[in-house]
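Encoded as C-alpha cells, the structure appears first; notes follow it.
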Amino acid sequence: MPYATQLSLQEATGPAMEEVVFLHDHVLLLTFLMSLVILLFATTAITATVTHNDPTEEVEQLEAAWTAAPIMILILTALPSVRSLYLMEEVFDPYVTIKATGHQWYWNYEYTDGTNVSFDSYMIQTQDLPNSAPRLLEVDHRMVMPANLQTRIVVTAEDVLHSWAIPSLGIKVDAVPGRLNQLPLATSRTGVFFGQCSEICGANHSFMPIVVEAVPLNYFEQWLTTEQ
Amino acid sequence: MQSVSAATQDSSKKRRVGHFTAPFDARFPFTNQTRNCYQNYLDYYRCLKIMKEKGKDVQKCEWYHKVFKSLCPTSWINQWDEQRKQGIFPGKI
Ligand SMILES: [Cu+2]
C-alpha cells in the first residue's frame with residue numbers, strides 16, 4: 001500500500017502490476033539513454049570550435065541516422081508496451097467471477113457462481129476507524145478473493161461513471177452504466193490491497209475506496225459459505 | 001509471463017467438482033462482456049422455449065443459465081425478467 005514520501009510505484013503483488021513495473025523500468029532506461037546522448041551532443045556543440053562552415057556540405061549519413069534512431073526508439077517502446085497490454089487484459093481460465101458495481105457512492109460486490117452472495121462496501125468514517133486502519137481507505141465489507149488463482153472481475157456501474165482500481169494489483173477498469181468490463185485479477189500472495197474510485201463521480205467520489213482481501217483458497221470457500 | 005500461466009495451471013488443478021464460472025468464449029475475447037451476458041440470457045430462454053415445444057429435456061439449457069448468472073449483474077437479470085413478464089422484453093426469444 002502507499003506510504004508517505006513514496007516516490008515510485010507501489011510494490012507489485014500480482015502479474016499485472018509486475019508487467020507495469022517492467023514497462024516502467026524499460027521506458028525509464030530508454031529515457032536515460034536518450035538524455036545522455038542528447039547531453040553529449042549538446043556539450044559538444046557548445047564547447048566545440050567551428051572549423052568549417054559550408055552549408056552545401058553533404059550530410060546524408062547524419063540525416064539517415066537521425067531518422068533511424070527515433071524509429072528504433074519507438075519500436076523499442078511500442079513492442080513491450082503492446083505485449084504488456086495484451087497480457088494484462090486476457091482472461092484465460094478464471095476460478096471465480098466477481099462482479100463489482102459502482103454506485104453513488106459505494107461499491108457492490110456479487111458472487112453468483114452457484115452462490116448468491118451480494119453486499120455493499122462502504123468507507124468507514126474517520127471517527128469509527130479501528131486502530132491502525134488507514135483513513136479514507138478502509139471499508140466495512142471487504143471484497144474477498146482467492147490468492148494465487150486467476151479471478152475474473154466484471155465491472156459496471158448503476159448510475160454514473162466510476163472506475164475500479166487497485167494500484168498494487170495493476171488494475172483499473174472503467175465502470176460504465178449498461179456495459180460490462182472484464183479483466184483478470186490475480187495476486188501472487190495473500191494480503192489486503194487498497195484502491196480508490198478513479199473516475200470523478202460526484203460529491204463523495206473520494207470516499208468510496210476499494211479493499212481487496214486475498215486469502216488462501218480454502219478460506220475463500222469457507223468465507224463464501226458463511227456469507228450466504 | 002510465468003506468473004499468469006502458473007496461476008492458470010493452479011486454477012485448473014484446484015478446481016472443485018461442481019464449481020463453475022463462465023469460461024473463455026471465443027466470440028467475446030475482449031474486455032467488453034456486455035454482449036456475452038445478454039446473448040447467454042437470450043440463448044437460455046430461446047433454448048427453454050424450443051425444448052419445451054419439442055417436449056425435450058430442458059436440462060440441456062442449464063449451461064446458458066450458469067454462464068449468464070456468472071456474468072450478468074443481478075439487477076440486469078431482474079429487470080429483464082420483469083420485462084419478459086410484462087411482454088416488453090426487446091430481444092427475440
Ligand atoms: Cu465513483
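So you know, we letter chains A, B, ... as the sequences are listed, proteins then strands, and number each from 1. Hydrogens, waters and symmetry mates are skipped; everything else that's a heavy atom, side chains included, is used.
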Nearest non-hydrogen partners of [X] and [Y], listed with the distance:
X: Phe194(A); Y: Leu137(A); answer: CD2-O, 3.6 Å
X: Ala100(A); Y: Tyr109(A); answer: CB-CE2, 3.6 Å
X: Ile73(A); Y: Met34(A); answer: CD1-SD, 3.5 Å
X: Met1(A); Y: Gln10(A); answer: CA-OE1, 3.6 Å

Inset, instruction - Could you tell me which of Glu158(A), Glu89(A), Arg152(A), Gln182(A) has the largest number of non-hydrogen atom pairs under 4.5 Å with chain B? - result: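 Ranked by heavy-atom pairs under 4.5 Å with chain B, first place is Gln182(A).
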Answer with side chain, backbone, both or neither: which region of [X] has an atom nearer than 4.5 Å to a non-hydrogen atom of chain B?
X: Asn108(A); answer: neither
X: Val91(A); answer: backbone
X: Thr151(A); answer: neither

Inset, instruction - List for me each residue that meets salt bridge (charged side-chain N to carboxylate O under 4.0 Å, His left out) alongside Glu199(A), sequence neighbours excluded, and say none if there are none. - result: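 Expected list: none.
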Inset, instruction - Check whether the side chains of Thr97(A) and Thr21(B) place a donor and an acceptor atom closer than 3.5 Å, and report yes or no. - result: yes
Inset, instruction - Using distance alone, with no hydrogens and no angle criterion, decide if Thr112(A) and Lys99(A) have a side-chain donor and acceptor under 3.5 Å apart. - result: yes
Legend entry - Contacts with chain A made by residues 31-43 of chain B (heavy-atom distance under 4.5 Å), listed by residue number: Thr31(B), Asn32(B), Gln33(B), Thr34(B), Cys37(B)
Legend entry - Part of Pro23(B) within contact of chain A (heavy atom distance under 4.5 Å):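 Answer is backbone: N, CA, C or O of Pro23(B) sit under 4.5 Å from chain A.
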